[in-house]
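Here the structure is laid out as structure tokens; the discussion comes afterwards.
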Amino acid sequence: MAINETVKYGIIGVGMMGREHLINLHHLRTQGVVVVCIADPHLPSPQLALELAQSFDWPLKVFSGHQELLDSGLCDVVVVSSPNMTHYQILMDILNHPKPHHVLVEKPLCTTVADCRKVVNAARKRPDMLVQVGLEYRYIPPVAKLIEIVKGGTLGQVKMVAIREHRFPFLIKVNNWNRFNSNTGGTLVEKCCHFFDLMRLFAGANPVRMMASGAMDVNHKDEIYDGKVPDIIDNAYVIVEFDNGARGMLDLCMFAEGSKNEQEISVVGHTGKGEAFVPESTVRFGSRMEGRDGVRTLKAENRLIKYEGLHHGSSYLEHLNFLSAIRVKGAKTPAVDLNDGLISVAMGVAAQLSIQKGRFVNIEEVLDEHNC
């Protein structure tokens, strides 16, 4: 695709996250981006998206289903931001469609490892399409800076990665779909695939086994939908062992509104330690040799960000990166590929299974390691 050619986007699922993508893409209009169509069967969502698009002076064609959007031939790129449990069928329909569409799919890739595997296999047959998974936390400025520090070797060989997310409860979504494991894959898939992806990135390794403890202790216990009480956990500790000997630890609490930072990430190598704080947007790092007095503190910023949005500008950078990959197709692959999406889901599934079984779970139990 030529650098100066207009790239036409369609968005499948225009609830809260779909409209967030619409706004981000509007901020990329100077890069030759335009959203031309949307699809969503829940009438209030496209109505809100239409109002947004009208304020941007972007006329949108609205479809009730994704198949009609694909058949229209109006767009080159599709953003899939529909509920988790719909990703598999939508992705398979996109990958099996005669017209090639590049795809940015929101995390998690799918809600089960088996469905992720089928999508990966289907995508192998479509070399004319790029598929990127929306694990955009990699682009949050302090996280990106810490990744740069770790990959630069400043901390030595990574031995431990600890990620704490202390935050507010799950937001209300269309038809309350995110209140149930059967729709989301479970909290450790839905929410924490981001953090498992980051752990792999920092450790430079793949997971071997996981141990988790978690429960639904505070949130959603007094909620009832269609006669059913939600079953999503709201807190957990997860331990991850990697194939290079590194270890990871996740500390999740979703009733911790009284936190200064929503995310705190610590990476310790054999020669130093680095930390990232979100939304404070600071990074600290130091060496064992220099000790406490040698710790440096940096304010992490990225001047490319034109829209902060819901995720500290990371969604904007994600779109910028994916657009670049589309325009130089063949020379560049998506930064977050389908294998990254699959393994992040497998880690979440293994952690959920560990809570259920009360024991360590080998990744082999949920993932065919020979195909990774």
Side-chain angles (χ1 to χ4, degrees), residues 6-63 66 69 74-84 86-87 90 101-108 132-141 143-144 167-168 170-174 177-178 190-191 194 262 278-279 281 301-327 334-336:
T6 299
V7 184
K8 298 173 183 175
Y9 283 71
I11 303 176
I12 297 172
V14 284
M16 185 191 78
M17 201 57 216
R19 295 193 298 274
E20 174 76 355
H21 282 297
L22 178 61
I23 299 168
N24 274 283
L25 289 165
H26 178 250
H27 281 85
L28 279 166
R29 63 195 181 281
T30 55
Q31 305 285 325
V33 162
V34 62
V35 177
V36 296
C37 53
I38 58 175
D40 196 312
H42 181 72
L43 289 176
S45 294
Q47 188 55 48
L48 289 168
L50 270 176
E51 289 169 14
L52 260 181
Q54 283 166 0
S55 73
F56 303 154
D57 200 24
W58 272 359
L60 291 184
K61 179 76 173 169
V62 180
F63 299 97
H66 68 276
L69 180 147
L74 291 173
C75 58
D76 314 302
V77 184
V78 177
V79 177
V80 178
S81 44
S82 55
N84 298 3
T86 67
H87 288 187
I90 290 171
H101 297 85
H102 302 305
V103 187
L104 175 65
V105 55
E106 262 303 330
K107 61 79 198 166
Q132 179 160 317
V133 182
L135 293 163
E136 81 277 0
Y137 279 30
R138 295 180 178 209
Y139 299 109
I140 297 174
V143 178
R167 56 165 277 171
F168 47 88
F170 277 120
L171 299 172
I172 293 173
K173 298 289 182 79
V174 171
W177 68 266
N178 64 339
E190 150 65 19
K191 185 77 205 71
H194 276 307
E262 190 173 314
V278 181
S281 206
E301 296 175 318
N302 188 320
R303 294 184 180 180
L304 292 175
I305 296 171
K306 290 185 178 179
Y307 175 65
E308 292 278 341
L310 300 176
H311 300 104
H312 317 287
S314 62
S315 294
Y316 179 84
L317 295 173
E318 171 184 56
H319 275 292
L320 196 61
N321 180 284
F322 188 48
L323 180 63
S324 171
I326 289 167
R327 285 194 157 135
V336 191

Heavy-atom side-chain contact between Trp58 and Val35 under 4.5 Å: yes

Does any part of the side chain of Ile12, heavy atoms only, come nearer than 4.5 Å to the side chain of Asp40, both counted from C-beta? no

Any heavy-atom pair between the side chains of Leu60 and Leu50 that's under 4.5 Å? yes

I'd like to know whether Val34 forms a side-chain contact (heavy atoms from CB on, under 4.5 Å) with Val7, so could you lay out the CA-CA distance, the side-chain angles of the two residues, the decisive distance to 0.1 Å, and finally the verdict. CA-CA 6 Å; Val34 62; Val7 184; over 6 Å; no

Quick one: do Val143 and Tyr139 satisfy side-chain contact (heavy atoms from CB on, under 4.5 Å)? Show the steps, please. CA-CA 7 Å; Val143 178; Tyr139 299 109; over 6 Å; no

Hey, are the side chains of His102 and Gln132 touching, using non-hydrogen atoms and a 4.5 Å cut-off? no

Listed by chain and number, what are the ring pair (Phe, Tyr, Trp, His ring centres under 6.0 Å) partners of Tyr9, not counting sequence neighbours? none

Verify, without hydrogens or angle tests, whether Ser81 (side chain) and Gly13 (backbone) share a donor-acceptor contact under 3.5 angstrom. yes

Donor-acceptor pair, side chain of Asp76 and main chain of Lys8, under 3.5 angstrom: yes

Are any of the side-chain heavy atoms of Val103 and Val77 separated by less than 4.5 Å? no

Arg167: partners by salt bridge (Lys or Arg N to Asp or Glu O under 4.0 Å), with sequence neighbours left out: none

Stepwise side-chain contact (heavy atoms from CB on, under 4.5 Å) check, Cys75 with His101: CA-CA 8 Å; Cys75 58; His101 297 85; 3.9 Å; yes

As an exercise, state the distance from CD1 of Ile305 to CG of Leu320, rounded to the nearest 0.5 Å. 10.0 Å

Counterpart residues, salt bridge (Lys or Arg N to Asp or Glu O under 4.0 Å), relative to Glu190 (two or more places apart): Lys107

Heavy-atom distance under 4.5 Å between the side chains of Asp57 and Gln54, does that happen here? no

Less than 4.5 Å apart, side chain to side chain, heavy atoms only: is that true for Pro83 and Val174? no

Side chains of Ile90 and Ser82: does their closest heavy-atom pair fall under 4.5 Å? yes

Could you grab the distance from atom CG of Asn302 to atom OG of Ser281, nearest 0.5 Å is fine? 10.0 Å

Find the distance between SG (Cys37) and CG (Leu69) and round it off to the nearest 0.5 Å. 4.0 Å

Which atom names give the shortest non-hydrogen contact between Glu318 and Gly134, and what distance separates them? OE2-CA, 2.9 Å

Results of ring pair (Phe, Tyr, Trp, His ring centres under 6.0 Å) for His312 - residues two or more places apart only: none

For residues 16-29, run the donor-acceptor check on the side chains, cut-off 3.5 Å, and write out each pair with its distance to 0.1 Å, sequence neighbours left out.
residue : atom : partner : partner atom : Å
Arg19   : NH1  : Val14   : O            : 2.9
Glu20   : OE1  : Tyr307  : OH           : 3.2
Glu20   : OE2  : Leu310  : N            : 2.7
His21   : ND1  : His319  : NE2          : 2.8
His21   : NE2  : Glu106  : OE2          : 2.8
Asn24   : OD1  : Tyr316  : N            : 3.1
Asn24   : ND2  : Glu20   : O            : 2.9
His27   : ND1  : Ile23   : O            : 2.9
Arg29   : NH1  : His26   : O            : 2.8

Measure the spacing between CZ of Arg327 and OG of Ser324 and express it to the nearest 0.5 Å. 9.0 Å

Given the rule in the side-chain contact (heavy atoms from CB on, under 4.5 Å) test, do Leu317 and Phe322 qualify, once you have shown the distances and angles that lead to the verdict? CA-CA 9 Å; Leu317 295 173; Phe322 188 48; over 6 Å; no

Val62 to Pro46 - nearest heavy-atom pair and separation: CG1-CB, 3.9 Å

Using the test ring pair (Phe, Tyr, Trp, His ring centres under 6.0 Å), find all partners of Phe168 that sit at least two apart in sequence or belong to another chain. none

